Each structure stands twice: as C-alpha cells, then as structure tokens.
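The next block holds one structure in the form of structure tokens; read it before the comments.
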Amino acid sequence: MNCIDFKNHMDKFIEGNMDDELYCEMESHIEKCTLCRDEYESTVFIVDSLRDDALSISLNDSRKRDLKNMINKLPGKKRVDFSSVIKNMTYVAAIFMFITVGIHFAGGVDISIDPKNSNGNALEVQIGKLASENSELKDQNTRLAAENYSLRRENSIYRIAFDGGEMGNVNQRIMAISYRLERMQEDGSLLDPESIRTADSSSNDVMAKRVKPIVME
Amino acid sequence: MDEGYLVGLSKRGDKSAFSSLIEYYQDKLYRTAYAILGNDHDAYDALQDCVLKAYLAIDTLRNDFYFKYWINRILVNSCNDIARHRRKVIYVEDTDMDGAVEEFDAGDVDIKIAMGKLDSKYRSLLALRYYQDLSYEDIAEILNCPVGTAKSRINYALKKLRLVMDKSGLTEVGE
C-alpha cells in the first residue's frame with residue numbers, strides 16, 4: 001500500500017469500518033510511513049476533539065421550555081384536506097349513480113309537463129292568459145302611439161295656424177286652415193255658424209287677408 | 001418514535017406531534033447550529049428560526065421519512081442566513097466563549113478556536129458529521145449532492161481544520 005491508497009482509506013480506518021485484510025495493510029503502512037502516521041494521528045485527534053466538543057454542547061432546560069412554548073403559541077393551521085374532499089365526492093357520486101340506476105330499472109320517472117296533469121294544465125292556461133294580455137297591451141300601445149302622433153300633428157298645425165301667425169309662412173297657414181276645415185267638416189261642426197265664428201275669428205281674418213292674394217292664384 | 005406517523009400528524013396541524021418531533025431533534029440541531037455559528041445566542045436563534053420555518057412548511061414535505069434531512073437542511077440555511085446577516089467572522093475569542101471556557105478542557109477550547117477560524121461551509125460539514133454524527137449518505141442527502149462529493153468535502157474540511165490547528169500550534173500530536 002502506498003501513501004495515496006492510505007489517505008483514500010483513512011476515514012474508514014479511523015471509523016474502523018473496513019475489512020480485516022485492508023485494516024492490516026493500513027496498520028503496516030503507518031508503522032513504516034512517518035508522514036502518514038502523523039496525518040492519521042492528528043486526524044484522529046481532531047475527530048475525537050470534535051466529538052468531545054459535541055458532547056459538551058447541549059440545550060438547557062429553560063431554552064427547551066421556551067421552544068416548546070413557542071410551538072404551542074404558533075397559530076393553528078386551517079388546512080383543506082383534499083384527499084378527504086375527494087373521498088367524500090366519490091361517495092356522493094356513487095350514491096347518485098346508485099339512485100339513478102335504481103330509478104331507471106324501476107321504470108323511470110317522467111318529469112315532463114303533461115297537459116293532462118292538473119299542474120301542467122294550470123301552467124299552460126296561465127301562460128296563455130299572459131300571452132293574450134301581452135298582445136292586448138301591444139295593440140293598445142300601438143293605438144296610443146298612433147293617437148299621439150295624430151294629436152301632435154294636429155297640435156303642430158293649430159299652433160302654426162293660430163299662434164304662428166307671425167312666424168309661419170303663408171303656405172303653412174293655408175295648410176293649417178284647410179286641415180282644420182276638413183276636421184270640422186268631418187265632425188260636423190262646420191255646419192254650426194257659432195263654431196265657425198268662435199274658431200278664432202281674429203286670426204282667421206288676419207290670415208284671410210294675408211292669404212287672399214295667394215289663395216286666389 | 002414513529003417519525004413518519006408524527007410527521008403525518010404534524011402535516012394535519014397537530015402541534016403536539018410537531019412538538020414531539022422537535023423534542024427529539026432539538027439537541028442535535030442546537031449542537032449543529034452551535035458548531036456552525038460558534039455561540040449560544042446565534043445557535044438558539046437559528047434553532048428557533050428553523051423550527052418556525054419547519055412548522056410553516058411541513059405540509060410541503062413530500063416524503064414523511066425525510067424529515068431528518070429536511071429539517072437539517074433548513075437549519076443549515078438558517079445558520080447561513082444568520083451568519084450572513086450579522087456579517088460575522090466567528091472567532092471563538094470574540095464570542096461568548098469567555099464565560100463558557102471554564103466548562104471545557106483545553107482540548108475543547110482548541111477545537112472551538114480552530115472551528116471558529118474555518119469557513120462556514122466547512123463548519124457546516126464538520127458539524128453535520130461530527131456534532132450530529134450523521135453518515136456520509138445522510139449528509140449527501142441534506143446537501144443534495146453525491147455521497148462521494150460529501151465525503152471528499154468532509155475530508156477536505158478536516159484537512160483545513162488540521163492546517164488551522166497546526167498553524168496555530170493547537171495540535172498536540174507529534175509534540
């Protein structure tokens with residue numbers, strides 16, 4: 001055995017963890033080689049010193065108590081145990097499957113709405129009522145919209161005819177008067193001289209004066 | 001002690017199980033921290049830090065039977081953090097050894113002085129090997145390196161320590 005081999009196996013030699021044959025070779029080497037023996041002895045001294053030093057160090061009792069108290073004061077953990085959640089979900093799924101399969105083999109349950117069924121029938125009647133109500137409301141809305149449009153138009157024309165004397169042009173006023181006369185003819189008030197007279201004679205006179213030359217043309 | 005069982009309970013938030021685990025390891029961990037940091041206060045700080053980190057992160061431990069390696073790794077990291085944070089070069093003479101010297105014989109003091117002069121990475125290796133009496137395989141697991149690497153690093157650390165001691169005239173061998 002040479003010095004390199006000795007150094008390679010020295011740790012095992014110190015620990016006494018090697019076979020007898022190699023151990024004997026190591027022993028015979030350190031008897032012959034002073035350098036290796038010195039290295040071996042100094043290493044053994046250091047290792048023993050380290051181990052002795054280790055034995056002299058210990059945590060005193062007060063520190064141990066402090067450490068235990070510290071652990072006890074640590075906040076508890078609120079953990080979600082996913083394995084148990086999955087396990088429970090598996091049970092729930094299994095029960096659901098069991099019930100479904102059971103119902104299927106027992107003849108099944110019809111959950112559709114049967115018109116003959118009293119509940120289903122009442123529901124359909126209610127839906128029908130609501131639909132007709134909705135339709136009526138739509139019609140009413142349309143009528144009101146048409147009336148509104150008509151009233152707005154009429155209002156606009158009247159406004160031009162009677163109030164817009166100063167603002168509107170002659171043609172607009174003529175249109176307004178014609179429209180008004182038509183309306184009056186329709187509702188029969190045109191035959192009533194009083195109504196003709198009271199239908200803002202002043203503005204009509206004014207308008208007649210202004211309109212006259214153009215109307216004649 | 002059924003370590004795997006206790007780790008399992010601790011993962012589910014059982015503080016008494018975690019406390020039992022720490023009670024089992026606290027002396028070894030403290031010894032290692034002391035060997036790395038060189039004084040009682042820092043060693044205890046490192047131990048507390050390690051325990052707290054372990055408690056908060058125990059549910060991330062995949063293999064319940066790796067608790068020993070895992071907690072040692074946390075401890076070494078805590079020691080490195082403390083050493084780095086305090087920016088200390090730990091010489092035994094500068095620390096609280098003045099009060100503690102009386103408790104040890106001359107050989108113990110010598111080895112403490114020499115350890116204090118070593119780099120912290122070598123101190124960690126020697127602490128794990130000789131202060132906690134872990135095998136090369138365990139140390140390799142803690143340092144996350146091959147066994148051969150752990151072994152050669154420890155031998156190198158021993159050689160460095162021997163050089164320090166020879167230089168300081170602390171070795172008795174050959175005198």
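Naming convention: chains lettered A, B, ... in sequence-line order (proteins, then strands); numbering from 1 in each chain. It should be emphasised that the depicted structure is a prediction, and the values quoted were computed from it without experimental measurement. What you see below is based on every heavy atom in this structure, not just the backbone, and it leaves out hydrogens, waters and symmetry mates.
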Under 4.5 Å to a heavy atom of chain B? For A:Asp48 that would be neither
One should read off an interatomic distance between B:Lys112 NZ and B:Tyr34 OH, to the nearest 0.5 angstrom, of 4.5 Å
Would you call [X] and [Y] a salt bridge, taking side-chain N to carboxylate O under 4.0 Å as the test?
{"X": "B:Arg162", "Y": "A:Glu39", "result": "yes"}
{"X": "A:Glu136", "Y": "A:Lys129", "result": "no"}
{"X": "B:Arg12", "Y": "B:Asp59", "result": "no"}

Angle between ring planes, B:Trp70 versus B:Phe67, binned at 30° and 60°: parallel, tilted or perpendicular? tilted
Check: Aromatic rings A:Tyr40 and A:Phe13: how do their planes relate, parallel, tilted or perpendicular, breaks at 30° and 60°?
Finding: tilted
Under 4.5 Å heavy-atom distance to chain A, tell me which part of [X] shows up: side chain, backbone, both or neither.
{"X": "B:Asp133", "value": "side chain"}
{"X": "B:Leu52", "value": "both"}
{"X": "B:Glu23", "value": "side chain"}
{"X": "B:Leu161", "value": "both"}
{"X": "B:Lys159", "value": "neither"}

Checking side-chain contact (heavy atoms from CB on, under 4.5 Å) for the pair B:Arg123/B:Tyr131: CA distance, chi angles, key distance, verdict?
-> CA-CA 10 Å; B:Arg123 279 201 304 271; B:Tyr131 284 73; over 6 Å; no
Checking heavy-atom separations under 4.5 Å from chain B, one finds in residues 20-31 of chain A none
Worksheet item: With a distance cut-off below 6.0 Å to the six-membered ring centre and an angular limit of 45° from the axis, does B:Arg129 pair with B:Tyr136 as a cation-pi contact?
Response: yes
Most heavy-atom pairs under 4.5 Å with chain B, out of A:Met70, A:Lys68, A:Lys64, A:Arg63, belong to A:Arg63
Practice item. Return yes when atom NZ of B:Lys160 has more than 12 non-hydrogen atoms of other residues, nucleotides or ligands closer than 6.0 Å, and no otherwise. Key: no
